[in-house]
Amino acid sequence: LKRIVVLISGSGSNLQAIMDAIESGRIHGQIVQVISNKTDAYGLVRAANAGIPTTCIDHKTFASREAFDDEVRRCIDINQADLIILAGFMRILSARFVQHFSGRMLNIHPSLLPKYKGLHTHQRALAANDLEHGCTVHYVTEELDGGPLLIQAVVPILQNDDENSLQSRVHTREHAAYPLAVEWICAGRVRFDKDGIHLDEELLPDSGFR
Ligand code: GAR
């Protein structure tokens, strides 16, 4: 079983979707630790309810970004993680941290990358009158929201959409896309090296994702 550490800052609904997929036997992995940088993140409650060890590492108690990152890194390493999953973790990670976990760290971002890196993605997609929007699961590299893409889920933008309605449509698809990406990785069907991502060829066409 792959040893998974999940990093969160908030509600943890993506964490929940991944926990559910593990519980049902779809993902051959085990979440060994959930780490939050926010004491009040509801995802901590979700993890505790599932019997998963949790740690809060409050970034406000560290003198620098590097000092915070070092502590998170230490916590991940003592748990001997094979895979690190950022699930609504809203801190920018330093280059040294990202390099240490190169090829082992995933993120989900609420846009069709490379469009709309950073924040307020739903608002920006609406302001641009885009016809579609979505989410992307990608490997984390030093470039913010810029690592190799693994899977994308696309949703239409409807005429009466506002930020909330669009966000919730995307969120629902995140809960399908992220567990699927983790399932593939844990099944050894994804390789990531210097030349990019190598997915088993038959995976994407039938998946409903791009
Ligand atoms: C998700 O929509 C995720 O895509 C986004 O935060 C939300 C977390 O929801 N992540 C980012 O914006 C990363 N820059 P959750 O806590 O319910 O999983």
J.: Quick one: do Arg210 and Glu132 make a salt bridge, cutoff under 4.0 Å?
T.: yes
J.: Could you tell me whether Arg26 and Asp20 have a side-chain N and a carboxylate O separated by less than 4.0 Å?
T.: no
J.: Just by distance, with hydrogens left out, do His100 and Asp77 show a side-chain donor and acceptor under 3.5 Å apart?
T.: yes
J.: Please check if Ile84 and Val34 belong to a single hydrophobic cluster, counting links between Ile, Leu, Val, Met, Phe, Trp and Tyr side chain heavy atoms closer than 4.5 Å.
T.: no
J.: Would Ser207 and Trp184 satisfy side chain to side chain contact (heavy atoms under 4.5 Å, CB included), going step by step from the backbone distance to the final call?
T.: CA-CA 11 Å; Ser207 70; Trp184 288 349; 4.0 Å; yes
J.: Looking just at side-chain N and O atoms, do Ser111 and His133 make a donor-acceptor pair shorter than 3.5 Å?
T.: no
J.: Would Arg91 count as a cation-pi partner of Phe68, with NZ or CZ less than 6.0 Å from the six-membered ring centre and within 45° of the ring normal?
T.: yes
J.: Between Leu86 and Ile108, does the side chain to side chain contact (heavy atoms under 4.5 Å, CB included) criterion hold? Intermediate values first, please.
T.: CA-CA 7 Å; Leu86 308 183; Ile108 191 160; over 6 Å; no
J.: Salt bridge or not for Lys115 and Asp130, using N-O below 4.0 Å?
T.: yes
J.: When you check the gap from the basic side-chain N to the acidic O, do Asp58 and Lys60 get nearer than 4.0 Å?
T.: yes
J.: Establish, from distance only, whether the side-chain atoms of Thr55 and Gln33 form a donor-acceptor pair under 3.5 Å.
T.: yes
J.: Can you check whether Ile57 reaches Cys75 side chain to side chain, under 4.5 Å on heavy atoms?
T.: yes
J.: How about Val182 and Ile85: do any of their side-chain heavy atoms sit closer than 4.5 Å?
T.: yes
